[in-house]
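Hydrogens, waters and symmetry mates play no part in the numbers below; they use all other heavy atoms, side chains included.
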Amino acid sequence: MFESVQHRRNARPTAMAVDIAPLIDVVFILLIFFLVTATFVRETGMDVQRPEAAQTRALESESMRISVTPSGAIFTEGQQIDLSALRQRVRQFIAAEATGSVIIIPDEQLAAGRLVAVMDAARAGGATDIALATRQRQ
C-alpha cells in the first residue's frame, strides 16, 4: 500500500477541463428572456420636429402613432397614407386595441387646418382618445 500512495504522489497531475456547455446554455436562455420581455417602440416612419409644450406626459405603449410632416404628408407604421386610408387604419387599430389611443405627432411647422383634418379622420375612424405628441420645453 505504501508503494501505491508513493506512486500517486509522483504521477503527473492530469489536466483539468472546464465544460462550458452549461454556461453557453445559460447565456442563450438569458438572451431569449431579454428578447421576449423587451418592449419595442413602434415608429411612424417619419422624423418630425415636434412642437414644444410646458406640460407633457410619456407616450402610452398601446397606441397608434401618426406623424404629419410640414407639407401635410401622413405617415403611420412606416408608410405614407392619405386621409381616407387613415380612417381605415384607425378603425382597424381600434378594433384590435379597444383601449388603445391615437397619438398624432405633428411637425411644428404644420398648418393648423391640416392637423384638424388628421384629427377629424382619426375620430371618423372611431378613436375617442386622441393626443398630440410634443417635446418638453427646456
Side-chain angles (χ1 to χ4, degrees):
M1 174 151 165
F2 179 72
E3 289 180 22
S4 64
V5 171
Q6 186 68 21
H7 179 62
R8 276 192 239 144
R9 287 186 187 161
N10 292 338
R12 285 180 73 182
T14 58
M16 299 292 286
V18 177
D19 186 18
I20 63 169
L23 178 66
I24 293 173
D25 290 343
V26 169
V27 169
F28 280 123
I29 289 171
L30 286 173
L31 178 66
I32 291 169
F33 172 77
F34 286 119
L35 287 175
V36 168
T37 60
T39 57
F40 297 101
V41 176
R42 292 180 293 180
E43 292 296 326
T44 60
M46 190 65 197
D47 187 30
V48 295
Q49 292 295 326
R50 295 177 293 173
E52 289 185 351
Q55 299 293 319
T56 61
R57 64 181 170 99
L59 295 177
E60 299 152 10
S61 61
E62 299 301 323
S63 59
M64 179 180 186
R65 290 168 173 77
I66 302 167
S67 291
V68 188
T69 65
S71 64
I74 303 167
F75 288 85
T76 185
E77 297 176 6
Q79 298 176 345
Q80 183 174 356
I81 59 175
D82 61 2
L83 282 175
S84 61
L86 177 62
R87 285 186 202 100
Q88 183 62 28
R89 289 274 178 98
V90 171
R91 193 171 293 120
Q92 291 170 350
F93 173 76
I94 296 300
E97 298 283 339
T99 60
S101 62
V102 173
I103 299 174
I104 300 173
I105 308 168
D107 192 276
E108 64 185 349
Q109 302 298 318
L110 180 66
R114 183 64 173 173
L115 178 59
V116 170
V118 170
M119 291 175 73
D120 283 343
R123 286 212 191 277
T128 57
D129 185 14
I130 299 176
L132 293 177
T134 60
R135 57 188 158 105
Q136 188 160 1
R137 187 172 290 146
Q138 300 285 331

If the condition is side chain to side chain donor-acceptor pair (under 3.5 Å), which residues does Asp19 pass it with, not counting sequence neighbours?
none
Under the side chain to side chain donor-acceptor pair (under 3.5 Å) test, which residues partner Ser71, sequence neighbours left out?
Thr69
Any side-chain hydrogen bond (donor to acceptor under 3.5 Å, both in side chains) pairs touching residues 85-95, not counting sequence neighbours?
Gln79-Arg89, Gln88-Arg91
Nearest heavy-atom neighbours spanning [X] and [Y]:
{"X": "Phe93", "Y": "Met64", "answer": "CZ-N, 3.4 Å"}
{"X": "Val102", "Y": "Ala127", "answer": "CG2-CB, 3.6 Å"}
{"X": "Leu110", "Y": "Gly72", "answer": "CD1-CA, 4.0 Å"}

Just jot down the side chain to side chain contact (heavy atoms under 4.5 Å, CB included) partners of [X], sequence neighbours excluded, or say none.
{"X": "Asp82", "value": "Ser84, Ala85"}
{"X": "Ile24", "value": "Ile20, Phe28"}
{"X": "Leu23", "value": "none"}

Roughly how far, to the nearest 0.5 Å, is [atom2] of [Y] from [atom1] of [X]?
{"X": "Asp120", "Y": "Leu83", "atom1": "CG", "atom2": "CG", "result": "9.0 Å"}
{"X": "Asp129", "Y": "Ile103", "atom1": "CG", "atom2": "CD1", "result": "8.5 Å"}
{"X": "Leu30", "Y": "Leu35", "atom1": "CG", "atom2": "CG", "result": "11.0 Å"}

Short side-chain donor-acceptor distance under 3.5 Å, Ser63 and Arg65:
yes
Taking the side chain as every heavy atom from C-beta outward, state whether Leu115 and Leu132 have any atom pair closer than 4.5 Å.
yes
Side chain proximity check, Arg114 to Ile74, heavy atoms < 4.5 angstrom
yes
Other ILVMFWY residues reachable from Ile32 by side-chain steps of under 4.5 Å:
Val36
